[in-house]
Amino acid sequence: MIIRVAPSLPTMKTFLYRVPEGWERFLGRFTRVKIHLSGRPVTGFVLSEENEQGIHLKSIEEIKGIEDIFPLLDGPLGELCLWASKFYITPIGMVLKFALSYGLDVEPYLRIRSTSRDSLHLDGALLSKAIKENGREGILRYFYDRGIELIDIFTGVSFLPSGTSSEKRGRNNKRLLYISDFKERIEFYAAEIERRIGQNRNCLLLMPDYQGLGDFFYNIFQKRFKDRVLWFGSKVQKNKRMEAYFKARKGGYLIFGNKSSVFLPGMKEGLIIVERPEDILKNIEGFRFDATKIAIERSFLEDVDVIFGSISPPIDVFQEGKEGVFEMVDQRKAHKKKHEIIIDHIPSGQRGMLSKRIADVIEEAIKQREVIGIYTPKKIYGTSVRCILCEESILCRGCGASLSFNKEKNVFFCKACGIEFEGLIKCPGCGGELIYTPFLGVESIEEQLNSMYKGTEVYSCTGENLKKTLKALQKKTPDKGAIIVGSQALTKLCDVSLKRLILIGWESIPLFAGYRAYERMFQTLQNLIDGTHPGILYFFMEREMAVDPFLYLDLHSFYEKELMRRKSALFPPYTRLFSIEIEHPSERDGLKKVERIVSLIKDKGLEDLLSGPVKERYKGYYRWRFLLKGEVDKLYDVFKSIYDIKGVKIEADPPHV
DNA sequence: TGTTCGTCCATA
DNA sequence: ATGGACGAACAT
């Protein structure tokens, strides 16, 4: 038998191998096999059986071994991986490797139960040990001849392929977008979870597992569902994770996980909850994907319901709600409560410090012993490069940090990611002269507060210290006033009540958030309000009425307007975006590569979808970046043909362009 | 003409 | 991913 195998390597190529006599029945779609490629051992996945007649290759090697008893990703989950491979232009071998990564090593957790007389000598042995002693082939033969069963050590349940190929598919599943405040969401989830657990079904709760937010949620539900709650994060100890893996197969649990757990098996008739889908981070190791997209697709391929809960959902999910892919329920209560809103600006002479008017507000709050918050999108104090005419900051396209200037080389560069921007001597927006001004960040505000208001408690809240801050806030003396200063991490506060919330420079988010800028502004504001329900909201902007905050307070009108803007400029959700990055140390050779790629795109008649390239310097390298707008079906062949070119990176749905 | 270093290429 | 082929740049 000849099989096609996808190696778990970053290549779109697949390879043919011969299967040793007698092994045929041990192999199915996506069985992991050991192969040799360029004479070196590599793990691959069986894709299909090939017709031996049509094959003229003289040098087909045999596979070197079988790595699992049966395919660990099968049925609808296998379909999901195939879909993701295409949707994200990632070789199927890489997707499968990633999707399995959490539960790769099942054999040390399985015990053999003999079910026939001639396998009695294996009874009770650990599978990994038995394989070491008897060879894998022998054990496989017992398993496929029904001489043994495999029992995991946590549940006592028989370990079998989970795929239930094509019985009930997801067309009738529930996909619900639940728009509501934090407290409502928790109650709603709890009710859904309770019902499912009662029916011995699983719930998977996906959330951004960073900055201590995961622990916060875990504690809430752990109190309620006790030993029915399992942690499946990457930080969890290996045997704890394996315990969750096997218990999930049994059913009746609430499993907490981050983005990689969307591929967890055992979710049949279960529920996937995505809390704050707008904050779910994209995975970056090897296989880049957005877990919310995978969750949605999973509900189409498998018998699984999906609930997205948020106060400010991703705009593409809102759009899907309008199209009927999602049922949309709006249960917000708190937004009907009116906040007082005060809009002001910071005079240009007072930009590097807390302006007089901001200080007035703070002093009033201190006098009243209030707990108040200050939000600023910038973490650190620094000097920004600005344009003298339009006053826009010049920021790094890659990471959004403000640019620094190297006088000797006459080049702007980003300290954070090393990109140099050539020929930038005038403002890219309006052509004005560039000047330098200090800006306010969490650090500098904290410093100034500490020196201006000695004796007042000041807490800083950034990505790095959120966990500590949350703990400190719990211990804080209740009737004493305090000031919490924070960046984006301030949106992670869930049950803090603030009398006043001061936003400094909130309107400058667009400078580094690309086409999703307004959406991010909206989501930041809404999550801040949801987490801290302030009595008075202050907007201190760098220019008078730079933005009208009232446009960002009504969910429906904001999304309608933003969708119209996206539609007319052709941006997601009305098209998909892809970036192609070409990196090369020499400019001449790099340009050759760029031309090669452009001509490949032109050959397919797709040049209309192409924009760029934009040239950048990056740590001594030259880098070119293209953007392509269009659907995968149209673009897949081109992507496949350029994927294997060295130094070329394709990114699907790049977040800030 | 030999040596070293870095880029390209194919993997069954 | 990665080892070997290949070719440019350098030294002898």
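Protein chains get the first letters and strands the later ones, always in sequence-line order, with residue 1 at the start of each.
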Output yes when a side-chain donor or acceptor of [X] lies under 3.5 Å from a complementary backbone atom of [Y], and no otherwise.
{"X": "A:K604", "Y": "A:D637", "value": "no"}
{"X": "A:T11", "Y": "A:K13", "value": "yes"}
{"X": "A:R596", "Y": "A:I642", "value": "no"}

Shorter than 3.5 Å, N or O on both sides, protein versus nucleotides 4-6 of chain B: list them out with atom names.
none

Discussion item. Could you go through A:Y245 and A:Y109, starting from their C-alpha distance and side-chain angles, then the distance that decides it, and tell me whether this counts as ring-ring contact (aromatic ring centres under 6.0 Å, His included)?
Written reply: CA-CA 11 Å; A:Y245 174 82; A:Y109 303 93; 9.3 Å; no

Practice prompt. Determine, for A:F154 and A:R249, whether the Lys NZ or Arg CZ falls below 6.0 Å from the six-membered ring centre while staying within 45 degrees of the axis.
Written response: no

Worksheet item: With a distance cut-off below 6.0 Å to the six-membered ring centre and an angular limit of 45° from the axis, does A:K86 pair with A:Y636 as a cation-pi contact?
Response: yes

Item to complete: Check DNA chain C against residues 586-600 of chain A and give the residues with a non-hydrogen atom under 4.0 Å, in numerical order.
Response: none

Worksheet entry | For A:F626, the option from A:V594, A:V614, A:I650 that meets side-chain contact (heavy atoms from CB on, under 4.5 Å) | A:V594

Worksheet item: With a 3.5 Å cut-off and no angle check, do the side chains of A:R32 and A:T43 form a donor-acceptor pair?
Response: no

Worksheet item: Taking only side-chain nitrogens and oxygens of A:H584, does any of them come within less than 4.0 Å of OP1 or OP2 of B:dC8?
Response: yes

Practice prompt. Please tell me which of the listed nucleotides, B:dC8, B:dA12, C:dA1, lies nearest to the side chain of A:R40?
Written response: C:dA1

Worksheet, complete the sentence: Of the listed B:dA12, B:dC8, C:dA1, the closest approach to the A:L9 side chain comes from C:dA1

Worksheet item: Rounding to a whole Å, what distance do you find between A:K64:NZ and B:dA12:C1'?
Response: 11 Å

